[in-house]
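Quick notes on the structure that follows.
Positions are given from 1, in the same order as the sequence printed here.
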Amino acid sequence: ERRESPNAALACPPDCCTGAEPYFITPPYPVPGSILRAIVTDTIRAQPRASLVYSARWAEQDRYIVRSPFMRFPDTVNVAIIGAGPDQSRLALYSRSQIGYSDMGANRARLAAWLDAIDDAVARKAADMRLTRQ
């Protein structure tokens with residue numbers, strides 16, 4: 001569930017986040033969950049001030065803390081990879097501030113940028129996988 005305060009942002013597939021309205025609807029990705037998880041991990045680790053604080057080995061869920069650039073306020077980002085059949089997976093991201101009421105759109109902007117980077121990386125990987133199979 002996404003909290004109602006303006007300092008949280010949710011991205012998920014249409015049928016996975018039934019308790020809240022997401023800001024972003026994520027598509028099915030044409031790669032297995034393990035590959036999607038690796039892409040998401042690489043995308044987040046490339047960000048400044050982002051660190052992994054929890055990883056569920058079998059549930060394909062991770063939690064990151066991302067600190068703001070000036071005051072170093074902590075934001076928590078939960079990641080869930082959801083299986084969607086052979087060679088397909090889905091993604092849910094929930095980013096929220098731990099301090100304050102408003103974040104001036106920082107969590108929403110973060111998810112938008114990350115989703116763009118993830119989409120690009122998945123498209124490249126899916127193309128590589130198609131070429132390898134031919």
Side-chain angles (χ1 to χ4, degrees):
E1 285 188 24
R2 181 175 65 86
R3 48 175 131 147
E4 294 304 316
S5 62
N7 64 356
L10 177 65
C12 66
D15 59 339
C16 289
C17 301
T18 57
E21 185 70 27
Y23 281 120
F24 306 99
I25 302 294
T26 57
Y29 293 95
V31 294
S34 60
I35 291 175
L36 180 59
R37 189 177 192 183
I39 288 170
V40 172
T41 298
D42 290 346
T43 300
I44 296 173
R45 286 188 177 166
Q47 307 303 311
R49 299 170 307 281
S51 56
L52 179 68
V53 294
Y54 172 78
S55 183
R57 183 174 180 184
W58 303 112
E60 293 195 293
Q61 296 178 357
D62 299 312
R63 186 177 312 123
Y64 293 85
I65 297 293
V66 182
R67 296 202 172 263
S68 64
F70 302 111
M71 300 295 286
R72 309 232 349 115
F73 291 138
D75 293 348
T76 301
V77 182
N78 286 54
V79 176
I81 307 298
I82 305 149
D87 293 331
Q88 282 206 339
S89 52
R90 300 183 300 166
L91 172 65
L93 299 169
Y94 182 40
S95 183
R96 63 209 176 277
S97 299
Q98 295 303 308
I99 298 172
Y101 181 75
S102 177
D103 68 350
M104 297 182 287
N107 284 292
R108 189 173 184 170
R110 173 183 299 122
L111 291 192
W114 288 7
L115 288 169
D116 285 345
I118 291 164
D119 288 348
D120 291 346
V122 166
R124 286 191 306 274
K125 185 64 176 179
D128 289 347
M129 290 170 57
R130 281 192 302 275
L131 288 174
T132 304
R133 290 183 187 150
Q134 292 180 356

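Contact detail for Arg90 and Cys16: the closest heavy-atom pair is NH2-SG, 3.4 Å. Scanning both residues, Gln88 and Pro30, for their nearest heavy atoms gives CG-CA, 4.4 Å. Scanning both residues, Tyr94 and Ala9, for their nearest heavy atoms gives CD1-O, 3.3 Å. A pairwise comparison of heavy atoms in Arg96 and Asn107 identifies N-OD1, 3.5 Å as the closest pair. Scanning both residues, Thr43 and Ala117, for their nearest heavy atoms gives CG2-CB, 3.8 Å.
Sorted pairs that involve residues 25-59 and meet disulfide bond (SG atoms under 2.5 Å apart), not counting sequence neighbours, are lacking altogether.
Put simply, CD1 on Ile44 and CZ on Arg110 are 9.5 Å apart, with the number rounded to the nearest 0.5 Å.
Cluster annotation: Ile65 is not connected to Val79 through the hydrophobic network of ILVMFWY side chains, with a link wherever side-chain heavy atoms come within less than 4.5 Å. One hydrophobic cluster, built from ILVMFWY side chains closer than 4.5 Å, cannot hold both Ile25 and Tyr23; they sit in different ones. Cluster annotation: Ile35 is not connected to Ile82 through the hydrophobic network of ILVMFWY side chains, with a link wherever side-chain heavy atoms come within less than 4.5 Å.
Between the side chain of Ser89 and the backbone N or O of Ile81 there is no donor-acceptor pair closer than 3.5 Å. With hydrogens and angles disregarded, a donor-acceptor distance shorter than 3.5 Å links the side chain of Thr26 to the backbone of Leu91.
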Please assess Asp119 against Tyr29 for the test side-chain hydrogen bond (donor to acceptor under 3.5 Å, both in side chains), listing each intermediate value before the final yes or no.
CA-CA 8 Å; Asp119 288 348; Tyr29 293 95; 3.2 Å; yes
Kindly indicate, with the supporting measurements, whether the criterion side chain to side chain contact (heavy atoms under 4.5 Å, CB included) is fulfilled by Leu10 and Leu111.
CA-CA 8 Å; Leu10 177 65; Leu111 291 192; 5.7 Å; no
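Between Ser68 and Asp75, the closest side-chain pair of non-hydrogen atoms is not below 4.5 Å. Between Gln47 and Trp114 the shortest side-chain heavy-atom distance falls below 4.5 Å.
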Would you mind writing out the side-chain donor-acceptor pairs for residues 50-61 within the sub-3.5 Å range, not counting sequence neighbours?
unit_1 : atom_1 : unit_2 : atom_2 : d
Ser55  : OG     : Arg37  : NH2    : 3.0
Ser55  : OG     : Asp62  : OD1    : 2.7

